[in-house]
Amino acid sequence: MRIEARIPRACLGFLLVLVASCGGSGGAPSAQSGAQKLYVIKFPHVTAPATPKGQTAQRFKELAEQRFPGRVRVEVYPSAQLMEDSESLEALAFGEIQMIAVSLSLFDRLTKKFQVFDLPFLFRDLSAVERFQQSAQGRGMFGALVDHGMIGLAFWHNGMKQLSGPRPLVHPSDAAGLKFRVQESDILQAQFEAVGGSPQKMAFGEVYQALQTGTVDAQENTWSNIYSSKFYEVQPYVTETNHGYIGYFVAVNETFWESLPADLRAGLEQTLTEVTAWGNARSEEINVEGRNKIAESGRSQIIALTPEQLGEWRTAMHPVWDQFRESIGAALVDAALASSSPAR
């Protein structure tokens with residue numbers, strides 16, 4: 001089924017509950033001659049093939065098809081070739097696609113729990129993120145979207161976020177008046193409002209042109225995304241802040257996944273576990289490579305902040321925690337915060 005008109009964001013949560021309760025379309029199996037059936041997994045995403053997500057998705061495809069020849073085909077569509085992330089939530093619920101690895105920020109329309117990942121300066125580094133995601137509270141989030149017809153299977157890292165803009169962003173006051181592109185996240189909107197910026201929610205695939213034409217002035221992203229999407233070509237300054245996290249929630253259409261033969265489903269889940277460990281271990285290396293290539297290009301000046309300057313940004317953005325703490329769940333925020341404790 002192809003949906004010609006996408007549904008407004010305000011209606012999406014209700015729609016996904018309705019689709020899930022009605023069973024969705026269930027997936028894309030294709031009969032072959034003989035006893036075996038070929039199961040097709042359409043897997044779109046928006047980042048470039050060289051990014052952490054792009055490489056991990058491709059590795060999943062290769063291993064799955066190698067281990068289950070003639071039984072599964074994984075069709076990976078990078079760089080928003082098939083659809084944007086915001087469209088893929090609806091498409092997964094309807095069974096147009098079978099697997100997604102969508103930015104955690106986009107799930108706030110379905111459950112407020114995922115907003116925990118957007119709180120600024122909550123996680124000290126990727127190791128802290130990993131500890132939280134592997135905790136009981138983190139793994140409990142895999143079942144948060146079952147009512148919407150989705151089963152969570154893994155968290156994939158991209159990396160920690162940096163700020164880029166048309167002028168050096170050294171102090172929070174430097175952000176005043178700038179139009180910042182943000183993902184579809186209320187927390188990220190509030191984050192830039194807290195420093196006097198004007199946040200503009202925008203799909204990832206539109207960002208380069210928007211920066212080039214001045215539709216937006218600045219953005220936040222990982223080193224790998226800034227490099228692979230060439231944002232550094234149109235942003236003369238990148239400030240190294242590590243103020244937030246970009247990661248992805250790997251989910252499948254529940255009806256499709258449960259329709260798989262038990263041995264195939266178990267094998268694909270094991271493959272995904274292996275691929276997740278491989279990709280998450282690679283993500284930091286890929287981001288370091290991206291940072292080095294940006295520095296070597298000479299197109300953007302990389303600004304390193306002192307601990308005192310980073311403290312200014314942390315203080316300016318901290319009120320966002322108070323604004324969203326209760327809607328996310330205080331216990332979940334505390335569990336995430338504990339993952340960055342120096343005692344760990």
Side-chain angles (χ1 to χ4, degrees), residues 27-28 38-69 71-93 95-107 114 117 126 129-130 133 142 145 150-159 183 203-205 207 221-229 245-254 256-257 260 264-265 267-287 289-290:
L38 175 66
Y39 290 88
V40 179
I41 299 175
K42 292 185 179 180
F43 186 1
H45 66 85
V46 300
T47 61
T51 60
K53 178 164 61 173
Q55 292 191 28
T56 309
Q58 182 63 25
R59 188 169 179 86
F60 175 71
K61 167 186 170 62
E62 292 170 357
L63 290 183
E65 293 179 352
Q66 174 186 322
R67 293 175 179 180
F68 302 100
R71 297 187 68 190
V72 65
R73 183 172 75 239
V74 182
E75 298 179 355
V76 177
Y77 300 90
S79 305
Q81 291 175 359
L82 191 63
M83 60 185 66
E84 291 286 352
D85 269 355
S86 57
E87 298 172 306
S88 68
L89 294 178
E90 177 190 331
L92 187 70
E96 292 183 0
I97 58 177
Q98 289 68 51
M99 179 175 282
I100 58 173
V102 170
S103 175
L104 293 160
S105 299
L106 296 183
F107 289 99
F114 284 86
F117 292 105
L126 284 182
V129 175
E130 187 91 16
Q133 291 177 343
F142 287 159
L145 300 175
M150 305 177 193
I151 299 174
L153 296 178
F155 292 109
W156 286 359
H157 298 330
N158 186 316
Q183 297 184 72
F204 184 78
V207 178
N221 237 302
T222 62
W223 290 115
S224 68
N225 282 353
I226 294 171
Y227 176 72
S228 64
S229 294
Y245 168 71
I246 291 182
Y248 311 106
F249 191 60
V250 182
V252 291
N253 176 280
E254 180 184 21
F256 169 75
W257 203 246
L260 297 176
L264 179 58
R265 183 169 64 248
L268 290 174
E269 289 176 357
Q270 177 59 36
T271 300
L272 186 63
T273 297
E274 296 172 22
V275 166
T276 296
W278 176 87
N280 286 351
R282 281 274 296 141
S283 62
E284 194 159 7
E285 179 182 343
I286 295 170
N287 276 283
E289 291 172 357

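By convention here, the first residue in the shown sequence is residue 1.
- Taking each heavy atom of Leu106 and Ser86 in turn, the nearest pair found is CD1-N, 3.9 Å.
- Rounding to the nearest 0.5 Å places CH2 of Trp278 at 10.5 Å from OG of Ser283.
- With sequence neighbours excluded, the residues satisfying side-chain hydrogen bond (donor to acceptor under 3.5 Å, both in side chains) with Thr271 are Arg67.
- Among all heavy-atom pairs drawn from Leu145 and Phe249, the shortest one is CD1-CE2, 3.8 Å.
- Glu62 and Gln66 form no side-chain donor-acceptor contact under 3.5 Å, judged by distance and modelled atom types alone.
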Q: Let me see the working for Trp156 and Leu272 under side chain to side chain contact (heavy atoms under 4.5 Å, CB included), right down to the final yes or no.
A: CA-CA 10 Å; Trp156 286 359; Leu272 186 63; 3.6 Å; yes
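- Heavy-atom minimum distance, Val250 versus Ala101: CG2-CB, 4.1 Å.
- The salt bridge (charged side-chain N to carboxylate O under 4.0 Å, His left out) search around Arg73 returns Glu75, not counting sequence neighbours.
- Counting only distance, with no hydrogens or angles, the side chain of Glu285 and the backbone of Arg282 share no donor-acceptor pair below 3.5 Å.
- Side-chain polar atoms of His157 and Glu130 form a donor-acceptor pair below 3.5 angstrom.
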**Q.** side-chain hydrogen bond (donor to acceptor under 3.5 Å, both in side chains) assessment of Glu269 paired with Trp257
**A.** CA-CA 10 Å; Glu269 289 176 357; Trp257 203 246; 2.8 Å; yes
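- Distance CE/Met83 to CD1/Ile100: 10.0 Å, rounded to 0.5 Å.
- Once rounded to the nearest 0.5 Å, the distance linking OG1 of Thr222 with CD of Glu284 reads 12.0 Å.
- At a threshold of 4.5 Å between non-hydrogen side-chain atoms, the residues Val76 and Pro49 do not count as touching.
- In this structure, Phe43 and His45 have perpendicular ring planes: the angle between them is above 60°, well past the 30° mark.
- Interatomic distance, Leu63 CG to Gln58 CD, rounded to the nearest 0.5 Å: 10.0 Å.
- Here Phe155 and Phe142 bring their ring centres to under 6.0 angstrom of each other.
- Listed here is the closest heavy atom pair of Thr51 and Ser228: CG2-OG, 3.2 Å.
- Counting heavy atoms from C-beta on, the side chains of Thr276 and Thr56 never come closer than 4.5 Å.
- Residues forming a ring pair (Phe, Tyr, Trp, His ring centres under 6.0 Å) with Tyr248 (at least two apart in sequence, or on another chain): none.
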Q. Given the rule in the side chain to side chain contact (heavy atoms under 4.5 Å, CB included) test, do Val46 and Ser79 qualify, once you have shown the distances and angles that lead to the verdict?
A. CA-CA 4 Å; Val46 300; Ser79 305; over 6 Å; no
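- For the pair Arg265 (side chain) and Leu260 (backbone), a donor-acceptor distance under 3.5 Å is present.
- Put simply, the side chain of Thr47 does not reach to within 4.5 Å of the side chain of Pro78, judged on heavy atoms.
- Considering all non-hydrogen atoms of both residues, Ala50 and Gln55 come closest at O-NE2, 2.9 Å.
- The two residues Asn253 and Ala93 come nearest to each other via the heavy atoms ND2-O, 3.7 Å.
- For the side chain to side chain contact (heavy atoms under 4.5 Å, CB included) criterion with Asn158, the lone passing option out of Ile246, Ile286, Asn280 is Ile246.
- Leu268 contributes atom CG, which lies 7.0 Å from atom CE of Met99 (distance to the nearest 0.5 angstrom).
- Judged by distance alone, with hydrogens and angles left aside, the side-chain atoms of Gln98 form a donor-acceptor pair with the main-chain N or O of Lys42 at under 3.5 Å.
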Q) Please walk me through it: do Phe204 and Asn225 pass side chain to side chain contact (heavy atoms under 4.5 Å, CB included)? A) CA-CA 10 Å; Phe204 184 78; Asn225 282 353; 4.0 Å; yes
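- With rounding to the nearest 0.5 Å, the separation of CE in Met150 from CZ in Phe107 is 6.5 Å.
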